[in-house]
Each structure stands twice: as structure tokens, then as C-alpha cells.
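The structure under discussion appears below in the form of C-alpha cells.
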Number of protein chains: 2
Amino acid sequence: MKRTTIVDVGRLAGVSAKTVSRVLNDEPHVSPAVKQRVREAADALDYHPNVFAQALVRRKSNMIGLIYENPSPSYVVELQRGVLERLTGERYKLVVIPIRSVQDHAGEVVGMLRSAALDGVVLAPPASDNPIILNQLKDARILCARIAPTRLIDMAPSNLIDDVAAAREIADYVIGLGHREIAIIRGDPTHASTEARMLGYTQAFYKADIELRLERIEPGLFTFDSGLAAARDIFARGDRPTAILAQNDDMAVGAMMAAREFGLSIPDDVSVVGFDDSEMSRITWPRLTTVRQPVFEMAIAATEMLIAQLEGRDVTARITHPHELLIRESAAPPRSLG
Amino acid sequence: MKRTTIVDVGRLAGVSAKTVSRVLNDEPHVSPAVKQRVREAADALDYHPNVFAQALVRRKSNMIGLIYENPSPSYVVELQRGVLERLTGERYKLVVIPIRSVQDHAGEVVGMLRSAALDGVVLAPPASDNPIILNQLKDARILCARIAPTRLIDMAPSNLIDDVAAAREIADYVIGLGHREIAIIRGDPTHASTEARMLGYTQAFYKADIELRLERIEPGLFTFDSGLAAARDIFARGDRPTAILAQNDDMAVGAMMAAREFGLSIPDDVSVVGFDDSEMSRITWPRLTTVRQPVFEMAIAATEMLIAQLEGRDVTARITHPHELLIRESAAPPRSLG
DNA sequence: AGACAGTGTGATAACGTTGACAGTTTTATG
DNA sequence: CATAAAACTGTCAACGTTATCACACTGTCT
């Protein structure tokens with residue numbers, strides 16, 4: 001079973017392979033009559049070009065990768081939706097490349113990408129923050145665009161939000177409601193945004209002259225389960241906080257679940273706020289107060305940056321996307337203030 | 001900037017290109033000494049094979065596609081997780097191919113796949129059920145494995161659950177709780193499982209001698225929003241049902257949200273059950289009673305079937321995966337029965 | 001000793017497409 | 001009308017790898 005090639009099409013249309021190539025790639029200098037004949041021949045033979053032969057000779061694969069290691073399914077979904085959104089109508093295909101642990105395998109990632117022969121990659125956290133990966137990509141001359149890096153911002157095109165300010169704002173809000181006994185559930189320590197958000201919280205605490213007690217800071221991993229476990233720890237201890245700041249929505253929803261297990265009502269007994277505005281924050285009850293990170297838009301923008309580079313257009317080096325405090329029903333003044 | 005090729009490696013190691021190829025592909029008939037030399041030369045030059053040249057000559061791309069058009073993010077996540085799980089450690093890469101509307105674009109899908117030159121595809125609903133796509137894949141000799149088809153089961157390897165039985169069981173359960181006034185939120189009419197689940201509900205109603213009133217059947221699209229809208233319609237009407245059967249979890253959670261808007265408590269005022277056991281069913285409060293469809297396992301199995309075909313191994317033609325009724329807290333006897 | 005199976009190695013020709021260049025015709029220009 | 005410019009078309013050699021075949025050598029079995 002031989003594939004039909006461009007030569008077959010040429011034979012049927014009575015022209016050279018090169019001419020067929022020109023027609024199929026919409027190159028100029030082909031007479032309308034020939035164009036028509038070639039098109040018909042191609043249709044008749046149900047011809048589809050061999051992308052490998054093209055990729056080989058053009059040195060371009062029309063495939064881009066999305067690299068992530070993200071414990072939050074809703075985050076990953078948004079990410080991918082954004083990339084695919086920008087890719088509709090383009091000839092690029094998306095190859096998804098989840099990494100088990102960027103921290104542990106940073107050295108191997110780029111080698112893998114090289115064999116995959118992608119035209120470029122979109123880096124999501126924490127790969128977008130990893131200096132080893134960034135440097136190796138540069139050495140291997142693989143183009144990239146980044147989502148939510150917090151370091152080395154100018155090393156490659158970046159899509160940011162101001163994590164510190166966003167975290168500070170939601171902490172300000174919670175403090176503004178009257179809370180003083182506030183617990184924090186941290187994100188995955190290998191993600192740089194964890195520190196950034198922590199810093200934002202700290203600034204808000206400092207401004208309000210609230211002491212940040214270490215035992216009120218629980219480790220988490222950005223997963224629902226880690227939020228659930230952290231909040232169980234928090235509630236199991238004697239001095240229950242009146243509010244919980246979770247560093248993403250998954251953990252916040254986990255914390256809400258834990259509160260229910262302890263018979264606590266939200267927001268009356270304990271306020272819970274998240275971070276991201278992922279889909280799940282809208283489907284819980286009460287709906288989660290959170291701060292929106294426009295992941296979908298950031299993914300679109302990153303993909304745009306990548307495509308711009310691939311096509312040799314000018315590239316915006318950095319976009320800081322707006323965040324937004326979304327006040328919903330999961331946080332309220334502490335009961336003592338009624 | 002020239003790429004380093006197999007010839008360069010050969011030159012450095014003092015052997016022919018073919019010998020390098022043999023070493024790199026672990027073919028026999030190479031002396032240990034040469035093997036060693038070639039390996040060192042390849043390392044020294046940081047050589048990575050060009051996958052396109054390989055694909056061209058081997059007629060094999062080592063890429064597989066995942067085709068879906070699925071409105072439920074959590075379903076898609078599970079699907080992808082399963083495929084990627086089976087692919088870890090394999091040399092295959094995953095290309096994701098979301099289709100806007102399989103119904104409308106069935107004729108174009110396979111052409112697209114052909115140009116993408118994938119070795120095979122995993123078909124998720126509703127593409128797994130589409131006869132046009134299946135036939136064209138067959139004609140184009142693109143291998144495939146299917147997830148949750150309901151028709152033409154023997155046309156290609158399939159991973160099923162018994163949708164009818166599963167739907168009947170959860171309806172039986174709700175009826176068993178004492179409900180008689182039951183509304184149904186249907187799924188996307190272009191997905192064949194919608195009819196299958198409907199049939200299961202119908203059987204349960206018939207067995208219990210409950211009339212299935214048409215005005216109690218609301219259309220939906222498997223999305224949270226469609227479930228929300230459908231349930232609003234249901235609650236806005238005079239004769240409120242005591243239970244709602246939603247054909248997936250997304251819509252069930254939407255219905256729970258609608259109930260809250262109407263000040264109804266779950267399960268006291270109204271019971272809600274879903275279908276799938278997607279992640280969201282565990283994070284709501286009360287947790288959603290549903291019937292588990294092992295999407296993750298089905299995706300792993302489908303990928304295994306595809307790989308087996310690609311490697312010429314024997315392929316299981318059909319696996320019926322177990323479903324399981326998961327009784328949680330979102331359904332209870334109707335208030336009238338206490 | 002001769003035949004024979006295997007092992008190790010290289011030369012050459014694909015795989016299907018496009019880039020570079022050259023040749024031929026048509027059209028525009030002075 | 002001559003001539004330059006543009007439009008059209010074809011030839012040939014890449015692109016980087018592997019398949020196929022050929023050859024030389026090493027044992028092993030009659």
C-alpha cells in the first residue's frame with residue numbers, strides 16, 4: 001500500500017512535482033488553469049501531504065508543546081483551553097507534555113523536547129520559572145513563551161500577574177472584614193508563586209499590625225486533598241482561626257470540605273478564600289471569594305507570543321495581566337463582630 | 001547553524017552512519033567496542049535524532065491523537081490523565097485534538113488526522129460513536145481505540161460501560177428512596193450515551209410503575225451551565241419534583257446550585273443525583289450521589305489497545321468496565337416520608 | 001577441506017517534499 | 001519594435017534517517 005505522493009498528483013495533472021508543491025502551498029507564479037488542474041488531481045487522488053517530508057526539508061514541524069506539572073486539574077484545563085483557543089484556525093498542533101516533577105527532572109526536559117522536534121513550547125509553572133530549563137531551551141534554540149513566571153522575567157516572553165499585589169489584596173479584604181485570627185494554606189513549595197503570594201499576605205498582615213504566627217501557616221501542594229488535610233490540621237488544633245487564606249481554589253475548596261466535617265458553617269464560623277478563580281470556585285456553595293488570575297487569557301497571550309516568534313513578527317516581551325478581587329459569599333466578618 | 005547529524009557522529013566515532021544508526025536503535029551485529037565509541041561520540045556531540053527523518057523513512061510518527069468534543073472539563077481531564085498515564089515511559093507523544101462539533105464536522109476530521117500523520121487515535125465520545133469518522137478511519141487505515149461508544153461496538157476496539165444498567169441502577173436507587181416526582185436533565189443529544197441513559201431511567205420508571213411525564217424531561221448539554229438553566233426551569237414551575245436525575249455530574253452540580261438559588265436544601269427539599277463520579281462530585285457539599293464511570297481506567301485501557309495494535313500484538317476487542325453506584329449525601333427520602 | 005551459519009561493517013538508494021536555480025514564455029515599457 | 005521585466009514551469013539536489021544488499025570475516029559442522 002503506497003501512499004499517494006505529490007509526484008502522482010503531478011503525473012495526473014500533467015505537471016511537475018514542484019508545480020504541484022507550488023499550488024498546494026499557494027505560492028505565486030502558477031497559471032490559473034494549472035492551479036485548477038492540480039487541485040482537481042489532488043482531490044481525485046485524495047492526496048494529503050506528508051508532514052514529515054515537509055518538516056524535514058522545511059525544518060519546521062508545526063507542532064508546539066505545552067509543558068506543565070500542575071496539580072490543579074482546573075488550572076490545567078484552563079491553560080489548555082487557552083492554548084487551543086489561540087491555535088484554532090492555525091496549522092499548529094498541540095502536544096501536551098506533563099512533567100511529573102520539574103524540580104527533579106529539569107535536566108531531562110529539554111533533551112526530550114529536542115527529540116520531539118517541536119517548533120516551540122509554552123511553559124506553565126513551575127517549568128516557566130526553572131532556570132535550568134530556560135537556559136537549556138536557549139542553548140537548544142527552542143523558542144518559548146511563559147505563563148506566570150516570577151523570576152528571570154526578561155529571559156523569555158512572559159505573561160504575568162502581580163501575585164504579590166493580588167495576594168495582598170485578598171488578605172487586605174479578609175483583614176478588612178475584621179479577621180485577626182487567620183490561617184494560611186501554602187501552595188507547592190517548588191512553585192515560585194507560593195513565595196510571592198506568601199509575601200503579599202505578609203505585607204497585608206504587617207500593614208494591619210497582625211502578627212503572622214508560624215503555626216498558623218500550613219503546608220499544601222495546590223491540590224484539593226492537600227487543602228483538605230491542611231484544614232483538618234488547622235481545625236483539629238485548639239485555637240481555631242476565624243479565616244483561612246488558601247493559595248489556590250482547589251485547596252480552598254478542600255478547606256471548605258474540612259470545615260463541613262468539623263460541623264463549621266461557612267462563612268459564619270470560618271471564612272475561606274482562595275486564589276485563581278478556577279471553575280470550581282463558582283460551583284461550590286457558598287461560592288468562593290477569590291482573586292482572579294486570568295489563566296485562559298494568559299494562555300492565549302503566551303501562545304500568541306510563541307506564534308509571533310515562529311513567524312518572525314515582533315513579540316511583546318512581557319504582559320502583566322490584571323487580577324481582580326472577586327467577592328462572593330465564602331468570607332464574611334467573624335462571628336464575634338456579627 | 002547546522003544540526004548535528006548521524007553522519008557527524010559516525011565521523012567522530014570512525015564508523016559509518018549506518019553503524020551509528022544500529023547502535024542508537026539497539027540493533028544486533030555491532031561489536032561492544034564500536035557500540036561504546038559511538039555512544040561516546042553521540043554524547044560528546046549532544047546528538048538527538050531527527051524524528052522527522054525517522055518518521056519519513058519508517059512511516060511511523062510515534063504520535064497518537066486524542067479526539068474529543070466534550071463539554072465537561074472534568075471528563076476531559078480524566079480522559080487525558082488516563083492516556084498520558086499509559087504513555088509514560090513509552091516513546092509515544094500525545095497530540096490533543098478537540099473538535100468543536102463532531103456532529104457538524106465529522107467529514108473533515110479524518111482528513112485532518114491524515115495530514116497530522118498520527119500513528120493512531122483514541123476516540124472519546126461523541127467521536128467514538130460517529131459512523132462517518134469510524135468508516136473514514138478504516139478507509140484511511142488509521143488505527144484507533146474507542147472510549148464509551150454505544151453503537152457499532154465491534155467495528156473497532158471499544159471500552160464500554162453499561163450505560164443503560166448504570167442509569168437504571170441510580171434511578172432504581174432514587175425510586176427506592178421513595179421518590180415519585182422525578183425530573184430528568186438530559187445530556188447533549190448528539191452524544192449517544194444520552195439516549196442510553198435515558199433508556200435506563202425509563203426502565204426503572206416502568207418497573208416501579210411510575211409515569212414518565214414529558215414535561216419533567218429537561219434538555220441539557222452536559223455542561224454545568226446547562227444543568228443550572230435546566231434546574232432553574234424545573235424549580236420555576238409549579239409542581240416541583242422531589243428528585244432530579246442529571247445525566248452527568250456537571251449538570252447535577254448545576255442543579256444543586258439552582259436549588260440553592262431557590263432556597264431549597266439538598267437533600268431535604270430536593271434530591272439530586274448525577275452520573276460519572278467526576279472529581280467535582282466529591283468536592284460539593286453535600287457530596288453528590290452518582291454512578292461511577294471509570295473514565296481514567298477506560299482511557300488507560302483504550303491507549304493500551306491502541307499501542308497493542310501499533311506493535312502488532314493481539315488486541316482485546318472489547319472491555320466492559322464496571323460501573324458502581326456511589327451513595328453519598330445528595331439524595332435522601334422525600335420529605336413527605338421523613 | 002568445504003559448506004554453512006552467523007557476526008560485523010559499509011555503500012547506496014530510498015522516504016516525500018521543498019529550495020535554489022535555470023530556462024521559457026508572456027507582458028510591459030520606452 | 002526591441003528589450004527589460006515579470007510570470008510561468010521544470011530539473012536537480014538537498015533534508016537526515018533507515019532498508020537493502022553486499023562483502024569480509026569467524027567459527028562449526030560434516
Side-chain angles (χ1 to χ4, degrees), chain A residues 1-39 41-42 45-63 91 114-119 140-141 312, chain B residues 1-39 41-42 45-63 91 114-119 140-141 312:
Chain A
M1 175 202 54
K2 268 188 84 67
R3 284 192 54 133
T4 76
T5 75
I6 205 167
V7 177
D8 302 327
V9 177
R11 191 147 36 220
L12 181 59
V15 296
S16 72
K18 179 64 210 184
T19 301
V20 176
S21 168
R22 274 196 270 257
V23 173
L24 265 27
N25 293 298
D26 280 321
E27 285 172 30
H29 309 315
V30 186
S31 69
V34 170
K35 216 172 252 181
Q36 167 95 11
R37 278 218 313 284
V38 170
R39 289 250 158 74
L45 296 175
D46 192 23
Y47 169 77
H48 289 264
N50 181 321
V51 288
F52 303 118
Q54 291 181 326
L56 185 58
V57 68
R58 289 176 174 161
R59 294 151 172 277
K60 187 156 184 330
S61 67
N62 290 328
M63 295 192 307
R91 60 194 177 301
R114 276 230 265 165
S115 344
L118 305 166
D119 288 341
R141 295 182 208 204
Chain B
M1 176 202 56
K2 270 189 80 68
R3 284 192 56 133
T4 76
T5 74
I6 205 165
V7 177
D8 303 326
V9 177
R11 191 146 37 218
L12 181 60
V15 296
S16 71
K18 178 64 210 180
T19 301
V20 176
S21 167
R22 275 194 270 256
V23 173
L24 267 25
N25 293 297
D26 280 320
E27 287 172 30
H29 309 314
V30 186
S31 67
V34 170
K35 220 174 249 181
Q36 167 97 10
R37 278 219 313 284
V38 169
R39 288 252 159 74
L45 296 175
D46 191 22
Y47 168 78
H48 288 264
N50 181 320
V51 289
F52 302 119
Q54 291 182 325
L56 185 59
V57 68
R58 287 177 175 161
R59 295 152 173 276
K60 187 156 183 329
S61 67
N62 289 329
M63 296 192 305
R91 61 194 176 302
R114 276 230 266 164
S115 348
L118 304 167
D119 287 342
R141 294 181 210 206

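In what follows, chains are A, B, ... by sequence order, proteins preceding strands, each numbered from 1. Since the structure is predicted, the reported quantities are computational estimates derived from the model, not experimental observations.
Summarising the geometry, the separation between CZ on A/Arg11 and C1' on D/dG10 is reported as 16 Å, rounded to the nearest angstrom. With rounding to whole Å, A/His29 atom NE2 is found 14 Å from C/dG19 atom C1'. Taking atom NE2 on A/His48 and atom P on C/dT17, their separation rounds to 12 Å, with Å as the unit. At whole-Å resolution of the value, NZ in B/Lys35 and C1' in C/dT7 are 12 Å apart. Taking atom CG of residue B/Asp26 and atom P of nucleotide D/dT17, one finds them 16 Å apart after rounding to whole Å. The interatomic distance linking B/Glu27 (CD) with C/dG6 (C1') rounds to 16 Å, in whole Å. Here the P atom of nucleotide C/dT17 and the CG atom of A/Leu24 are 9 Å apart, to the nearest Å. Atom pair B/Ile6:CD1 and D/dA19:P shows a separation of 11 Å (rounding to whole Å applied).
Between B/Ser21 and D/dT18 there is a side-chain polar atom (N or O) within less than 4.0 angstrom of OP1 or OP2. Note on B/Asn25: a side-chain N or O is less than 4.0 Å away from OP1 or OP2 of D/dT18. Taking 4.0 angstrom as the limit, B/Gln54 places a side-chain polar atom (N or O) nearer than this to OP1 or OP2 of D/dT18. Residue A/Thr5 places no side-chain N or O under 4.0 Å from the OP1 or OP2 atom of C/dG16. Checking the phosphate oxygens (OP1, OP2) of C/dG19, no side-chain nitrogen or oxygen of A/Arg59 falls inside 4.0 Å.
Comparing atom distances between the B/Ser31 side chain and each of C/dG16, D/dT18, C/dG8 picks out C/dG8 as nearest. Which of C/dT18, D/dC8, C/dT17 sits closest to the side chain of A/Val7 comes down to C/dT17. Nearest nucleotide to the side chain of A/Ser16, out of C/dG16, D/dT11, C/dT18: D/dT11. Out of C/dT18, D/dT9, C/dT9, the shortest distance to the side chain of A/Thr19 is found at D/dT9. Among C/dG16, D/dT17, C/dT7, the nucleotide with an atom closest to any side-chain atom of B/Tyr47 is D/dT17.
Taken to the nearest 0.5 Å, the CZ atom of B/Phe52 stands 11.5 Å off from the CZ atom of A/Arg59.
Using a 4.0 Å heavy-atom distance criterion, B/Pro28 is classed as making no nucleic acid contact.
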Full working for salt bridge (charged side-chain N to carboxylate O under 4.0 Å, His left out) between A/Arg39 and A/Asp26: CA-CA 11 Å; A/Arg39 289 250 158 74; A/Asp26 280 321; 3.3 Å; yes

Salt bridge (charged side-chain N to carboxylate O under 4.0 Å, His left out) evaluation trace for B/Arg3 with B/Asp8: CA-CA 9 Å; B/Arg3 284 192 56 133; B/Asp8 303 326; over 6 Å; no

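Of the residues near DNA chain C, B/Ala53 and B/Ala17, the one whose nearest nucleotide (by heavy atom distance) lies more toward the 5' end is B/Ala17.
The only option from A/Leu12, A/Val20, A/Val15 that meets the side chain to side chain contact (heavy atoms under 4.5 Å, CB included) definition with A/Arg37 turns out to be A/Val15.
Looking only at side-chain heavy atoms (C-beta outward), B/Ile6 and B/Lys18 stay at 4.5 Å or farther from each other. Put simply, the side chain of B/Arg22 does not reach to within 4.5 Å of the side chain of B/Val34, judged on heavy atoms.
A donor-acceptor contact under 3.5 Å is not formed by the side chain of B/Lys18 with the base of C/dA11.
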